[in-house]
Amino acid sequence: MTDRRSSMGSSSDDPPNSRLFIIAPKTLNEDDFRKAFEEFGNIEEIWVVKDRQTGDNKGVTYIKYSKTSEAAKALETMNGKVLGGAIRSIKVMIAASREQGSKRDSNEEEKMQRLFVMVPRSMMDSELYDYFKQFGDIDYASVIKDKTTRESKGFAYVKYLKFSQAAAAFEQCDRKYKPVFAEPRKSNMSRNEDRNYSSSSFDFNRDFNKSGHTLQSLPVPPEHYNNDGYTKLMIIASPQVNQDQLWKLFDIVPGMDYCQLRYEGDRMRPSRAIAEVVYNSPQWASYAKEKFHGFEYPPGYRLIVRPEYDNLRSTSYSSKSLEKKPDILQIAETIAQASSLIQAAGLSPDLLQAKLGLIAPSKDSEVYCSIKLPDVQPLAGIDDETAARCFIVCTPTALPNSVLKDIFCRFGNLIDVYMLNNRNCGYAKFSSRKSAEDAIHTLHGADILGTRIKVLEAEERGDNNRKRQRIDAESPF
DNA sequence: CGACGGGACGC
DNA sequence: CGACGGGACGC
């Protein structure tokens with residue numbers, strides 16, 4: 001049952017793109033094809049299609065190779081060639097799957113030249129390029145990133161100029177990349193409005209947990225800016241945020257009247273923080289909404305900011321806001337501050353903290369982490385192998401990836417860090433044993449953003465591990 | 001007290 | 001121009 005041929009048959013597309021579809025003069029027979037195509041690799045089958053009744057050659061032939069790269073070389077060399085004294089040349093293509101039949105999609109070539117690969121979340125485009133260029137001429141190498149945070153999603157596209165180059169990468173790249181041939185990008189179909197912007201569908205858990213896909217990306221028409229007249233905002237934030245922090249954050253925008261915060265849920269372990277923030281003018285209120293909605297504070301946790309309409313003031317604000325309005329320079333500076341804050345959301349929490357130092361100077365690092373952290377260090381090189389792994393446990397719940405990365409990179413040589421799906425444990429991979437040991441030594445038992453983390457040496461993966469405790473218990477002392 | 005991931009592109 | 005046959009029971 002481990003024999004994949006038994007269920008697939010040699011005419012299937014396994015490995016992918018290893019079967020040729022050939023249009024050729026009807027005079028050519030199987031031997032003609034064999035002679036011409038055997039030099040490119042191991043041919044599993046040649047099938048010259050004949051009419052069921054008459055037995056006539058239909059001018060269509062399939063050739064199945066063992067390897068994708070063999071089919072690639074054969075295609076690139078033989079397409080357009082004339083075989084065995086025939087008049088017309090042959091046309092060589094990659095056969096579509098049997099299910100797909102004869103229909104072909106628009107981006108035919110892209111399907112053969114582009115790979116979809118898994119990469120460590122630390123990998124950047126340039127590193128991806130530098131690794132994959134050894135297999136051929138790269139059209140582009142692109143790590144997919146979250147739209148708003150710019151964090152890597154952990155996968156990437158690599159497109160080559162030739163099928164044979166993509167095939168070489170597909171077969172020879174390190175298996176940790178788990179390469180597959182990429183599905184062609186969806187062509188100009190009907191522009192689907194797949195996002196649901198209904199404003200009543202705020203879901204705290206969704207917006208809290210999901211990275212990068214919040215209502216924040218909603219395009220807001222400029223007219224919306226001042227029209228509503230609201231001056232009060234409702235904020236939903238991580239329960240780790242306190243009133244002082246939130247006050248200082250929203251006070252960046254001029255004209256804040258007050259900020260009041262309460263917690264929801266268990267008193268000892270609140271589920272979220274809810275705040276009301278009131279500005280002395282609708283302009284600043286909507287400006288603040290614009291800037292802070294979706295902003296990561298603390299890093300990894302997006303604020304949800306929405307207008308509150310219950311308390312609309314008429315026009316009484318106007319005189320007040322006029323008299324309190326700072327001068328132009330001051331406004332410009334403040335906006336610049338706020339903007340750099342917003343941009344910093346995509347950067348490391350370390351850098352973000354530096355920015356936040358402007359407004360919450362003293363104990364911000366203690367909010368972030370209970371211990372003194374080393375400085376941020378560069379990640380491991382792209383060819384570095386994993387030398388040691390840490391096993392991580394977060395209580396009560398997993399930390400966001402951006403935070404994990406920031407914490408664990410500080411010991412140097414970090415390859416990747418991730419939590420297992422829907423669990424509070426995960427792994428950090430290092431290319432240096434010392435780095436892993438340092439991380440364990442420093443981070444074990446630390447408190448990060450209100451989350452207690454354990455950092456242990458990871459057990460060898462795979463086989464059932466004997467329990468150490470038992471052995472320890474048996475040994476005297 | 002938790003143990004081995006994940007998969008689709010801003011036009 | 002141009003899209004899918006034939007093989008066959010062993011442990």
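Protein chains get the first letters and strands the later ones, always in sequence-line order, with residue 1 at the start of each. The analysis underlying the following values was restricted to heavy atoms, covering all of them including side chains, and did not include hydrogens, waters or symmetry mates.
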Inset, instruction - Would you kindly check whether a donor in the side chain of A/Glu183 faces an acceptor in the base of B/dG7, or vice versa, at under 3.5 angstrom? - result: no

Inset, instruction - Report which part of the nucleic acid A/Ser152 touches: base, sugar-phosphate, or nothing (heavy-atom distance under 4.0 Å, all strands). - result: nothing

Inset, instruction - Determine if A/Phe21 stacks with C/dA3; use a centre-to-centre distance below 5.5 Å and an interplanar angle below 30° as the criteria. - result: yes

Inset, instruction - State whether the side chain of A/Asn57 and the backbone N or O of A/Lys26 hold a donor-acceptor pair below 3.5 Å, judged by distance alone. - result: yes

Inset, instruction - With heavy atoms under 4.0 Å as the rule, sort A/Asp51 into base, sugar-phosphate or nothing. - result: nothing

Inset, instruction - Name the nucleic acid region contacted by A/Leu456, choosing base, sugar-phosphate or nothing; use a 4.0 angstrom heavy-atom cut-off, strictly under. - result: base

Legend entry - Centroid under 5.5 Å and tilt under 30°, A/Trp47 to C/dC4: no

Inset, instruction - Examine the base of B/dG6 for any acceptor or donor lying under 3.5 Å from a partner atom in the side chain of A/Lys178, and report the outcome as yes or no. - result: yes

Legend entry - Ring centers of A/Tyr140, A/Tyr157 separated by less than 6.0 Å: no

Inset, instruction - Examine the base of B/dC9 for any acceptor or donor lying under 3.5 Å from a partner atom in the side chain of A/Arg114, and report the outcome as yes or no. - result: yes

Legend entry - Test of ring centre spacing under 6.0 Å for A/Tyr65 and A/Phe37: no

Legend entry - Heavy-atom donor-acceptor pair, A/Arg389 side chain to A/Tyr427 backbone, under 3.5 Å: no

Inset, instruction - Check if the side chain of A/Arg19 and the base of C/dC4 share a donor-acceptor pair of N or O atoms closer than 3.5 Å. - result: yes

Inset, instruction - Pick base, sugar-phosphate or nothing for A/Val49, based on heavy-atom distances below 4.0 Å to the nucleic acid. - result: nothing

Inset, instruction - Test for a donor-acceptor pair under 3.5 Å between the base of C/dG7 and the side chain of A/Glu45, counting only N and O atoms. - result: no

Legend entry - hbond_proxy A/Arg88 side chain to C/dC1 base (donor-acceptor, 3.5 Å cutoff): no

Inset, instruction - Can you check whether any acceptor in the base of B/dG5 is under 3.5 Å from a donor in the side chain of A/Arg423, or vice versa? - result: no

Legend entry - A/Ser122 backbone acceptor or donor facing A/Ser152 side chain under 3.5 Å: no

Inset, instruction - Measure from the ring centre of A/Phe155 to the centre of the six-membered ring in the base of B/dA8, then say whether that distance is under 5.5 Å and the planes meet at under 30°. - result: no

Inset, instruction - Assign A/Lys26 to base, sugar-phosphate, or nothing according to its heavy-atom contacts below 4.0 angstrom with the strands shown. - result: sugar-phosphate

Legend entry - Under 3.5 Å: donor-acceptor pair, side chain of A/Ser370, backbone of A/Asp447: yes

Inset, instruction - Assign A/Arg389 to base, sugar-phosphate, or nothing according to its heavy-atom contacts below 4.0 angstrom with the strands shown. - result: base

Inset, instruction - Indicate whether A/Tyr427 forms a stack on B/dA3; treat it as stacked only if centroid distance is below 5.5 angstrom and interplanar angle below 30 degrees. - result: no

Inset, instruction - On DNA chain B, check which nucleotide each of A/Arg121 and A/Tyr157 is closest to and give me the residue with the more 5' one. - result: A/Arg121

Legend entry - Distance, rounded to the nearest Å, where A/Lys176 contributes NZ and B/dG6 contributes P: 19 Å

Legend entry - base_contact_polar (C/dG5 base, A/Lys50 side chain, donor-acceptor, <3.5 Å): no

Legend entry - Comparing A/Val119 and A/Lys454 on DNA chain B - which has the more 5′ nearest nucleotide: A/Lys454

